[in-house]
Amino acid sequence: VSDSTLVFNEDGTFSGITPVGNTFSGIYTYGGDAFFTMDVATSTKMAGSPADMTAEAELFKALAAVADYQFKDGALVLLDAEGQELLTFA
């Protein structure tokens with residue numbers, strides 16, 4: 001989703017900014033039964049253009065489906081359980 005940012009912290013948390021400009025944060029886990037999961041815990045709720053609101057909803061839906069990741073051409077690619085690309089952050 002263009003115009004989004006995502007930052008992972010060493011303490012198991014992440015944060016970012018949506019296309020609307022809302023901030024979000026949550027926790028990620030690595031290993032165990034679920035190889036890689038992300039749970040958005042909080043988000044601000046500013047409104048934006050219909051296109052940006054749709055992009056934000058798609059971002060949160062994709063983050064909830066993350067099961068793995070890889071680095072490809074210098075970018076972080078988040079994948080679903082079937083290995084399909086969900087999001088790319090350069």
Side-chain angles (χ1 to χ4, degrees):
V1 176
S2 64
D3 300 326
S4 297
T5 63
L6 182 63
V7 176
F8 288 93
N9 302 302
E10 291 182 17
D11 65 357
T13 63
F14 64 89
S15 61
I17 301 174
T18 71
V20 175
N22 285 314
T23 58
F24 63 93
S25 62
I27 58 172
Y28 67 92
T29 56
Y30 180 79
D33 292 336
F35 181 71
F36 185 73
T37 61
M38 298 178 68
D39 295 308
V40 175
T42 185
S43 171
T44 56
K45 302 292 184 187
M46 294 187 304
S49 71
D52 284 346
M53 296 299 292
T54 297
E56 180 177 274
E58 291 173 358
L59 171 67
F60 289 137
K61 181 179 177 182
L63 289 174
V66 170
D68 201 356
Y69 71 92
Q70 66 183 21
F71 290 98
K72 184 176 174 181
D73 299 324
L76 171 65
V77 180
L78 300 177
L79 309 167
D80 67 13
E82 287 76 41
Q84 298 297 310
E85 293 184 10
L86 295 170
L87 299 166
T88 301
F89 293 91

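One is the number of the first residue; the rest follow in order along the sequence.
Using cut-offs of 30° and 60° for the angle between ring planes, the F24 and F60 rings count as perpendicular. Classified by interplanar angle (parallel below 30°, tilted 30° to 60°, perpendicular above 60°), the ring pair F8/Y28 is perpendicular.
Scanning all heavy atoms of the two residues, the minimum distance from M53 to V20 falls at SD-CG2, 3.6 Å.
Taken from OG1 in T88 to CZ in F71, the straight-line distance is 12.0 Å, to the nearest 0.5 Å. Separation of atoms CG (N22) and CG (L59) is listed at 10.5 Å; rounding is to 0.5 Å. Summarising the geometry, atom CD belonging to E56 is positioned 7.5 Å from atom NZ belonging to K45; distances are rounded to the nearest 0.5 Å.
Side-chain contact check for L86 versus V66: some heavy-atom pair is nearer than 4.5 Å.
At most 12 non-hydrogen atoms from other residues, nucleotides or ligands lie less than 6.0 angstrom from CG of D73.
Checked options T23, T44, V7, L6; the residue passing with I17 is T23 (criterion: side chain to side chain contact (heavy atoms under 4.5 Å, CB included)). The side chain to side chain contact (heavy atoms under 4.5 Å, CB included) with L87 is formed by just one residue from the set V77, L79, D80, L63; it is L63.
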Stepwise side chain to side chain contact (heavy atoms under 4.5 Å, CB included) test for L78 and F36: CA-CA 10 Å; L78 300 177; F36 185 73; 4.2 Å; yes
List the steps and the verdict of side chain to side chain contact (heavy atoms under 4.5 Å, CB included) for L76 and Y69. CA-CA 7 Å; L76 171 65; Y69 71 92; 3.9 Å; yes
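The main-chain N or O of N9 is never found under 3.5 Å from a side-chain atom of T13 such that the two would form a donor-acceptor pair. Not one N or O on the side chain of D39 forms a donor-acceptor pair closer than 3.5 Å with the backbone of I27.
Residues forming a side chain to side chain donor-acceptor pair (under 3.5 Å) with E85 (at least two apart in sequence, or on another chain): K72.
Using modelled atom types, one finds no donor on one side chain facing an acceptor on the other under 3.5 Å when comparing T18 with S4.
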